[in-house]
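Notes follow once the structure below has been shown.
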Amino acid sequence: MSYKVTVDCGHGGSDSGAIGSFNGYFESHAVLDIGLRLRALLLPHVEVQMIREDDTFTSLPERCRMANEWGADIFCSIHLNSFTSSEANGWEVFTSGSTGSRDLANKVGWRHAETFPWQTNRGIKTRGSLYVLRHTTMPAILTEGCFLSSDDENKWVSIPETRQQMAQAIFLGNLDYFNIDPNKPELTLEERVVRIEDHLGL
Ligand SMILES: [Zn+2]
């Protein structure tokens, strides 16, 4: 038994989400790539549920139902931002405002800020009205790694290394939340028992 993380890549299929102002890069494609990279990083440490692992559309109620039924410990929804003004840039993380969600958002946000210190930090924002934050039963966050409506950030996130680093930041934030050492994927039996007891609040 280990912790369970649901990775929710936003949009998909007929729903492209935001579209890059510079090269037309779809948000749905970018966040799927980030999510698959995140899964690969997480798998040695936790169980992972992918809401989607290809370019298909999944409704918001279905995304929440999948995570709730699976009994995820945390839910991470991955998005990229867009705005009418091409000047908008930077990253932000949304939380429902519940204690666990805020803690998770802070940890992921801190890792993102640490990874990309030059990027505009728009902060951790409470947005309980967001569907996937309101209808999931576990701590849940929604990350907006950059703006596709900014030519510069559109070019930047089109580079695979950027998406790898974004995935790495979410990965480290998740492990921080669970208090797992990323350098120690192989757990002893004793450590597993401690983790389970921790998890159950014993
Ligand atoms: Zn989106």
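Keep in mind it's a predicted model, so treat the numbers as computed, not measured. Both ligands and their constituent atoms are indexed starting at 1 by order of listing.
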For this output row, return yes or no: ring centroids of W156 and F116 closer than 6.0 angstrom.
yes

Less than 6.0 angstrom separating the ring centers of H45 and F171, yes or no?
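H45 vs F171: aromatic centres under 6.0 Å.
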
Will you find, in the side chains of [X] and [Y], an N or O donor that is under 3.5 Å from an N or O acceptor?
X    : Y   : value
S77  : D8  : yes
D54  : T56 : yes
S149 : N81 : no

For the OG atom of S28 and the NE2 atom of H79, what is their distance to the nearest 0.5 Å?
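S28 atom OG to H79 atom NE2 measures 11.0 Å (nearest 0.5 Å).
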
Show all protein N/O/S atoms under 2.8 Å from the Zn ion (ligand 1), or state that there are none.
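Checking every protein N, O and S atom gives H11 NE2, E27 OE2, H79 ND1.
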
